[in-house]
Amino acid sequence: MTAVSESAEQVEHTTVLLQEAVEALVTDPDGFYVDGTFGRGGHTAELLARLSGRGRVLAIDKDPQAIASGEERFAQDDRLGFFHGSFAELQNVAAQMEKAGEISGVLLDLGVSSPQLDQADRGFSFMRDGPLDMRMDTSRGLSAAEWIASADEQEIARVIKEYGEERFARRMASAVIRERAIKPITGTVQLAKILAAAHPAWERGRHPATKAFQGIRIFINRELDDLEDLLAQVIDTLKVGGRLVIISFHSLEDRRVKRFIRDQEQGIKLPKNLPVRDVDRGVRLVKVGKAIKPAVSEVDGNVRSRSAVMRIAERVA
Ligand SMILES: C[S@@+](CC[C@H](N)C(=O)[O-])C[C@H]1O[C@@H](n2cnc3c(N)ncnc32)[C@H](O)[C@@H]1O
């Protein structure tokens with residue numbers, strides 16, 4: 001758990017699968033590692049604790065607040081450097097640092113951090129009223145309010161259905177179009193009320209706007225595109241023996257990670273009974289162990305960890 005004070009509100013981020021992820025990542029205490037989702041630095045702190053004086057970490061985050069808090073907290077540790085941007089830029093960043101093919105481990109702990117969710121002014125929460133923003137990177141791109149104001153009904157329905165897996169997406173999109181003609185939709189609670197009113201089957205214990213909010217957030221932040229872009233380049237950035245560790249929080253992410261590792265393990269598809277070695281099938285990455293989920297004790301202490309799944313892979317050629 002990383003406790004960080006923010007200027008506006010006291011917010012914390014509880015790191016998920018902390019020991020398990022770092023244990024899986026570190027194969028060489030002198031190595032160069034990338035934490036692609038720095039957040040509040042929970043994984044990075046543990047990683048630095050396990051590295052030698054020669055080990056190095058590059059911390060990446062889209063969120064300028066995450067980078068600013070990290071630069072302050074770790075100012076004394078010259079083994080750590082920061083990059084504000086997406087992990088989808090990894091290959092370029094590694095090339096600029098002359099680390100392409102030299103990285104000992106890449107860690108991704110996907111999704112949003114607790115400070116992002118809990119600070120009303122970030123606009124992610126349907127429970128706390130704030131401006132409808134939802135951008136992890138507040139320095140660029142369209143806010144959710146700007147997108148909601150300009151997207152057509154089909155696009156809104158597609159985003160809510162595809163990324164939120166919400167079966168009432170079309171009703172919700174039509175309600176958004178109707179309401180925005182009366183009054184601009186600029187607040188999180190305002191949008192949540194519109195979506196909730198369009199949802200005909202409320203479930204106990206779940207806000208009816210939950211899935212739609214997830215869908216809009218994933219779209220605004222290009223979360224699945226960034227993940228796919230990273231997967232397409234990550235093997236070349238790792239050294240042979242280097243590890244990829246990814247923690248996902250919903251099936252849209254985990255499915256992509258799982259499929260990627262499986263496809264890599266299969267290499268070039270040849271008839272099964274041919275006596276061909278992995279290397280001849282072009283296999284460059286293999287999975288390490290099974291998918292790991294948080295222990296019951298972790299879920300009891302941190303409800304946000306309940307949907308986490310961690311997958312580990314290693315570059316072999
Ligand atoms: C779940 S939090 C990570 C928490 C971190 N492991 C810790 O222990 O504090 C996810 C973080 O990744 C960042 N993020 C999500 N997608 C990103 C991307 N494509 N590129 C860079 N950062 C991203 C978010 O801004 C957020 O700060």
Side-chain angles (χ1 to χ4, degrees), residues 1-6 11-22 24-25 33-49 57-74 80 82-94 105-119 122-124 133-141 163 214 217-234 237 245-250 252-254 256-257 294 298 301-310:
M1 173 107 188
T2 337
V4 174
S5 348
E6 304 285 330
V11 277
E12 295 182 341
H13 179 84
T14 305
T15 298
V16 172
L17 289 167
L18 173 60
Q19 298 300 333
E20 295 88 337
V22 179
L25 191 69
Y33 292 85
V34 174
D35 180 349
T37 50
F38 175 77
R40 286 301 179 274
H43 284 113
T44 286
E46 180 60 27
L47 181 52
L48 288 166
V57 179
L58 171 67
I60 300 177
D61 207 294
K62 274 185 169 182
D63 186 337
Q65 282 188 11
I67 297 292
S69 80
E71 284 174 338
E72 196 183 319
R73 174 174 171 200
F74 292 96
L80 175 63
F82 287 93
F83 174 72
H84 172 229
S86 172
F87 56 64
E89 298 169 75
L90 178 62
Q91 201 163 26
N92 280 339
V93 177
V106 173
L107 170 68
L108 301 183
D109 173 17
L110 296 168
V112 276
S113 65
S114 302
Q116 288 167 335
L117 280 175
D118 294 345
Q119 277 178 264
R122 299 301 303 265
F124 286 98
D133 192 324
M134 290 201 203
R135 285 171 302 163
M136 292 174 183
D137 188 347
T138 45
S139 71
R140 62 193 102 173
Y163 302 135
Q214 173 190 292
R217 187 204 91 202
I218 290 175
F219 171 77
I220 289 293
N221 293 292
R222 291 178 38 88
E223 291 179 40
L224 299 175
D225 301 304
D226 279 2
L227 176 59
E228 300 231 348
D229 288 352
L230 179 284
L231 293 175
Q233 54 187 273
V234 72
T237 70
V245 177
I246 304 187
I247 304 171
S248 305
F249 288 85
H250 51 77
L252 292 168
E253 292 165 345
D254 186 51
R256 282 167 170 78
V257 176
E298 180 169 357
N302 176 18
V303 70
R304 278 179 187 159
S305 72
R306 70 182 182 275
S307 45
V309 183
M310 180 172 85

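Both backbone and side-chain heavy atoms feed into the values below; hydrogens, waters and symmetry mates do not. What you see is a predicted model; the values in this text were computed from it and never measured. The chain is numbered in sequence order, starting from 1. Numbering of ligands and ligand atoms starts at 1, following listing order.
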Inset, instruction - Enumerate the atoms of ligand 1 whose separation from the nearest heavy atom of Gly85 is less than 4.0 angstrom. - result: 20 (N), 21 (C)

Legend entry - Which of the ligand 1 atoms, numbered from 1, are nearer than 4.0 Å to a heavy atom of Asp63: 25 (O)

Inset, instruction - Could you tell me if any non-hydrogen atom of Ala88 lies under 4.0 Å from any atom of ligand 1? - result: no

Legend entry - Salt-bridge present (Arg135, Asp137; N to O < 4.0 Å): no

Legend entry - Any N/O pair Asp61/ligand 1 closer than 3.5 Å: yes

Legend entry - Parallel, tilted or perpendicular, as decided by the 30° and 60° cut-offs, for the rings of Phe82 and Phe74: tilted

Inset, instruction - Measure Asp35 to ligand 1 on non-hydrogen atoms and call it side chain, backbone, both or neither using the 4.0 Å cut-off. - result: neither

Inset, instruction - Please answer whether the main-chain N or O of Phe124 pairs with a side-chain N or O of Gln116 as donor and acceptor at a distance below 3.5 Å. - result: no

Legend entry - Enumerated ligand 1 atoms positioned under 4.0 Å from heavy atoms of Gln116: 24 (C), 25 (O), 26 (C), 27 (O)

Inset, instruction - Indicate yes or no: does an N/O atom of Gly41 lie under 3.5 Å from an N/O atom of ligand 1? - result: yes

Legend entry - Per-atom contacts, ligand 1 versus Arg40 - under 4.0 Å to a heavy atom: 7 (C), 9 (O)

Legend entry - Numbered atoms of ligand 1 (with element) below 4.0 Å of Gly36, judged on heavy atoms: 21 (C), 22 (N)

Legend entry - Min heavy-atom dist Phe38 to ligand 1 below 4.0 Å: yes

Inset, instruction - Report yes or no: does Leu110 have a heavy atom closer than 4.0 Å to ligand 1? - result: yes

Inset, instruction - May I ask you to decide whether Asp118 forms a salt bridge with Arg304, counting only side-chain N to carboxylate O separations under 4.0 Å? - result: yes

Legend entry - Check ion pair Asp63-Arg122 (N to O, under 4.0 angstrom): yes

Inset, instruction - Could you check which of Arg222, Met136, Arg122, Gln65 puts a non-hydrogen atom nearest to atom 14 (N) of ligand 1? - result: Met136

Legend entry - Closest contact, heavy atoms only, Leu90 versus Thr237: CD2-OG1, 3.7 Å

Legend entry - Check: His43 main-chain N/O paired with Asp109 side-chain donor or acceptor under 3.5 Å: no

Legend entry - Proximity of Asp226 to ligand 1 by residue part, where a heavy atom lies under 4.0 Å: side chain

Inset, instruction - Any atoms of ligand 1 less than 4.0 Å from a non-hydrogen atom of Thr15? List them with their elements. - result: 7 (C), 8 (O), 9 (O)

Legend entry - Partners meeting side-chain hydrogen bond (donor to acceptor under 3.5 Å, both in side chains) with Gln19 (sequence neighbours left out): Arg50

Inset, instruction - Say whether Gly42, considering both its backbone and side-chain N or O atoms, lies within less than 3.5 Å of an N or O atom on ligand 1. - result: yes

Legend entry - Side-chain donor/acceptor of Ser248 to backbone N/O of His250, under 3.5 Å: no

Legend entry - Residue portion contacting ligand 1 (non-hydrogen atoms closer than 4.0 Å) for His43: both

Legend entry - Heavy atom of Pro115, distance to ligand 1 below 4.0 Å: no

Inset, instruction - Report the part of Thr44 in contact with ligand 1, treating N, CA, C, O as backbone and CB onward as side chain, heavy atoms under 4.0 Å; options are side chain, backbone, both, neither. - result: neither

Inset, instruction - Go through the side-chain N and O atoms of Asp226 and Ser86 and say whether any donor and acceptor fall under 3.5 Å apart. - result: yes

Legend entry - Pairing of Glu223 and Arg217 as salt bridge, 4.0 angstrom limit: yes

Legend entry - Which of the ligand 1 atoms, numbered from 1, are nearer than 4.0 Å to a heavy atom of Ser86: 18 (C), 19 (N), 20 (N), 21 (C)

Inset, instruction - Give a yes or no answer on whether the side chain of His13 reaches the backbone of Arg40 with a donor-acceptor pair at less than 3.5 Å. - result: no

